[in-house]
Amino acid sequence: MTVVVVVDASVALKWVVTEAGSDEASQLLADMVDRQLSLVAPEHLVGEIGNGLRKRVAQDTLSTDDALTALDAIAALDLELIGGSERWFRSLRAALEWEVTTYDALYVLLAVDLDAELITADSRLAESAGRKSLPVRRLTG
């Protein structure tokens, strides 16, 4: 049986940029390839990844070519990107209630809508969600 898991940009960036937690994030990809997991994300994940890569280029920790290659690698994954303007209209209320950004609320809302777990490397998101008993787990690596 395949388990559906929502991932956020903090996890997806660890697939293409080696940093703390990259090994654990890579295990999610391996589990997806083995068909144990189905990884999904709201489509705004692409913009967040692009911004994270741009930031690393600006900080001179990643070359422009490596950033572009990293985004291409994300595009090649079997990651299901889910749209839904309706979720955007719910994101402000959720963000205010859960004390997270509207972008983070979209990940949590998708997890709730799919009866799935959100996996994140964002400690602030995990802590806020934990206080509200939301289906969020933080990478431990």
Side-chain angles (χ1 to χ4, degrees), residues 2-141:
T2 303
V3 175
V4 175
V5 173
V6 177
V7 293
D8 71 357
S10 68
V11 171
L13 277 166
K14 292 179 184 311
W15 295 334
V16 293
V17 177
T18 303
E19 57 190 23
S22 288
D23 289 342
E24 190 177 358
S26 293
Q27 184 59 53
L28 293 172
L29 284 180
D31 291 346
M32 180 180 72
V33 169
D34 292 342
R35 303 276 187 233
Q36 296 174 32
L37 291 180
S38 175
L39 300 178
V40 301
E43 63 187 1
H44 83 279
L45 170 116
V46 177
E48 285 202 272
I49 291 171
N51 193 57
L53 293 169
R54 181 214 53 84
K55 186 182 205 180
R56 286 162 174 80
V57 170
Q59 294 169 340
D60 207 25
T61 61
L62 192 66
S63 73
T64 298
D65 286 343
D66 287 344
L68 293 170
T69 299
L71 191 59
D72 288 343
I74 294 289
L77 294 175
D78 192 20
L79 175 66
E80 182 181 358
L81 298 173
I82 298 176
S85 59
E86 169 274 330
R87 208 171 284 109
W88 275 104
F89 287 104
R90 294 177 15 217
S91 69
L92 176 58
R93 182 177 306 282
L96 293 168
E97 180 182 340
W98 300 333
E99 301 170 356
V100 299
T101 67
T102 54
Y103 299 106
D104 287 345
L106 288 168
Y107 293 110
V108 179
L109 284 168
L110 181 58
V112 169
D113 290 350
L114 297 177
D115 194 27
E117 181 178 49
L118 166 63
I119 299 180
T120 184
D122 182 334
S123 59
R124 190 175 68 220
L125 171 56
E127 289 170 15
S128 293
R131 287 192 302 270
K132 303 294 182 180
S133 299
L134 296 167
V136 178
R137 176 169 52 100
R138 183 172 177 247
L139 288 181
T140 56

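Sequential numbering from 1 along the given sequence is applied to the chain's residues.
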With sequence neighbours excluded, give me every salt bridge (Lys or Arg N to Asp or Glu O under 4.0 Å) pair touching residues 94-103.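 Of all non-adjacent pairs touching residues 94-103, those that pass salt bridge (Lys or Arg N to Asp or Glu O under 4.0 Å) are E99-R131.
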Enumerate the salt bridge (Lys or Arg N to Asp or Glu O under 4.0 Å) contacts for residues 114-130, please, sequence neighbours excluded, ordered by first and then second residue.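 Every pair satisfying salt bridge (Lys or Arg N to Asp or Glu O under 4.0 Å) with a residue in residues 114-130: E117-R137.
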Only pairs at least two apart or in different chains count here, so list each ring pair (Phe, Tyr, Trp, His ring centres under 6.0 Å) that has a residue in [range].
range            : result
residues 108-129 : none
residues 18-72   : H44-W88, H44-Y103, H44-Y107
residues 66-85   : none

Answer whether the closest heavy-atom distance between the side chains of I74 and V16 falls below 4.5 Å.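 When only atoms from C-beta onward are counted, V16 and I74 do touch, with a gap below 4.5 Å.
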Taking the side chain as everything from C-beta on, heavy atoms only, tell me whether R54 gets closer than 4.5 Å to V57.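 The answer is no, as the side chains (C-beta and beyond) never meet within the 4.5 Å cut-off.
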Minimum-distance pair of heavy atoms, taken over all atoms of [X] and [Y]:
X    : Y    : result
A105 : A94  : CB-CB, 4.1 Å
T18  : S22  : CA-OG, 3.5 Å
A126 : V136 : CA-CG1, 4.0 Å
S91  : L106 : CB-CD2, 3.8 Å

In residues 61-70, what donor-acceptor pairs under 3.5 Å come from side-chain atoms, sequence neighbours left out?
unit_1 : atom_1 : unit_2 : atom_2 : d
T61    : OG1    : R56    : O      : 3.1
S63    : OG     : D66    : N      : 3.0
S63    : OG     : D66    : OD2    : 3.2
T69    : OG1    : D65    : O      : 2.9

Any residue meeting side chain to side chain contact (heavy atoms under 4.5 Å, CB included) with [X], in chain and number order, not counting sequence neighbours:
X    : value
A25  : V11, K14, W15, L139
K55  : Q59
A116 : V4, V6, L114

For R87, what residues pass the side chain to side chain donor-acceptor pair (under 3.5 Å) criterion, not counting sequence neighbours?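 Partners of R87 under the side chain to side chain donor-acceptor pair (under 3.5 Å) test: D113.
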Distance-only donor-acceptor hits, side chain of residues 27-41, under 3.5 Å, sequence neighbours excluded:
unit_1 : atom_1 : unit_2 : atom_2 : d
Q27    : NE2    : D31    : OD1    : 2.9

If you draw a 6.0 Å radius around CG in N51, do more than 12 non-hydrogen atoms from other residues or ligands fall strictly inside?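 Enclosed: over 12 neighbouring heavy atoms sit under 6.0 Å from CG of N51.
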Polar side-chain atom of S128 near backbone of L125 as donor-acceptor pair, under 3.5 Å: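 Answer holds: no.
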What side-chain donor-acceptor pairs closer than 3.5 Å can you find for residues 76-85, not counting sequence neighbours?
none

